[in-house]
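Quick note: residue numbers are just sequence positions, from 1.
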Amino acid sequence: HEQAGSSADIQIAKDLYKAAKDILFKNFDIYQTYNGKYLDFRSNFNKFSNMPIAEVEKNYVLRTNHANNLIKLAAHTNR
């Protein structure tokens with residue numbers, strides 16, 4: 001969206017940068033590339049709807065360097 005250049009696409013890109021950490025958590029923490037505890041995350045996924053997000057992050061998420069770099073890039077780009 002950022003490359004498309006229209007004002008609507010630029011706004012979509014900004015919104016995606018703002019939501020990057022949430023998108024990563026909800027969609028990609030099942031993958032080893034993003035989460036060092038991905039096996040625990042996968043095997044307990046069905047319990048998460050009854051848990052506070054902070055508890056899930058504390059017990060089932062260990063950000064990898066790749067995930068941290070993506071979050072930092074999104075935060076930096078969103079300025």
Side-chain angles (χ1 to χ4, degrees):
H1 292 285
E2 188 175 15
Q3 297 300 316
S6 74
S7 59
D9 279 309
I10 291 171
Q11 186 58 49
I12 290 169
K14 287 180 181 180
D15 291 343
L16 288 170
Y17 287 130
K18 287 178 189 174
K21 186 176 180 184
D22 189 49
I23 292 169
L24 183 67
F25 175 72
K26 291 181 178 176
N27 298 290
F28 294 96
D29 276 341
I30 62 168
Y31 300 110
Q32 182 178 9
T33 302
Y34 303 101
N35 182 4
K37 295 181 178 180
Y38 75 101
L39 291 175
D40 289 337
F41 192 94
R42 283 183 181 186
S43 63
N44 291 284
F45 188 80
N46 62 337
K47 300 175 187 177
F48 295 165
S49 63
N50 297 322
M51 290 182 183
I53 290 175
E55 184 179 343
V56 174
E57 288 181 324
K58 177 182 175 186
N59 296 314
Y60 299 100
V61 177
L62 176 62
R63 295 270 179 248
T64 63
N65 286 336
H66 187 67
N68 286 326
N69 289 338
L70 284 173
I71 292 168
K72 287 177 190 173
L73 175 66
H76 178 73
T77 307
N78 189 36
R79 291 182 185 174

Query raised in the report: What is the distance from atom CG of Asp40 to atom CG of Asp29, rounded to the nearest 0.5 Å?
Result: 12.0 Å
Counting only N and O atoms by type, is there a donor-acceptor contact under 3.5 Å from the side chain of [X] to the main-chain atoms of [Y]?
X     : Y     : answer
Asn35 : Leu62 : yes
Arg63 : Asn68 : no
Thr64 : Thr33 : yes

Requested in this report: Please answer: with hydrophobic residues joined when any side-chain heavy atoms are less than 4.5 Å apart, are Val61 and Ile53 in the same cluster?
Outcome: yes
**Report entry** Ile30 reachable from Tyr38 in the ILVMFWY side-chain graph, under 4.5 Å edges
**Finding:** no
Query - Side-chain H-bond candidate by donor/acceptor type, Asn69 with Lys72, under 3.5 Å - result: no
Taking every non-hydrogen atom, the tightest pair across [X] and [Y]:
X     : Y     : value
Ser43 : Asn46 : O-OD1, 4.1 Å
Met51 : Glu55 : SD-OE2, 4.1 Å
Phe41 : Phe25 : CZ-O, 3.9 Å

Look at atom [atom1] of [X] and say whether more than 12 heavy atoms of other residues, nucleotides or ligands are closer to it than 6.0 Å.
X     : atom1 : value
Lys37 : NZ    : yes
Glu57 : CD    : yes
Asn27 : CG    : yes

Query raised in the report: Within a strict 4.5 Å, meaning less than it, do heavy atoms of the Leu70 and Tyr34 side chains meet?
Result: yes
Requested in this report: Could you label the plane-to-plane angle of the Tyr31 and Phe28 rings as parallel, tilted or perpendicular, counting under 30° as parallel and over 60° as perpendicular?
Outcome: tilted
Query raised in the report: Taking the six-membered ring for Trp, are the ring centroids of Phe48 and Tyr60 within less than 6.0 Å of each other?
Result: yes
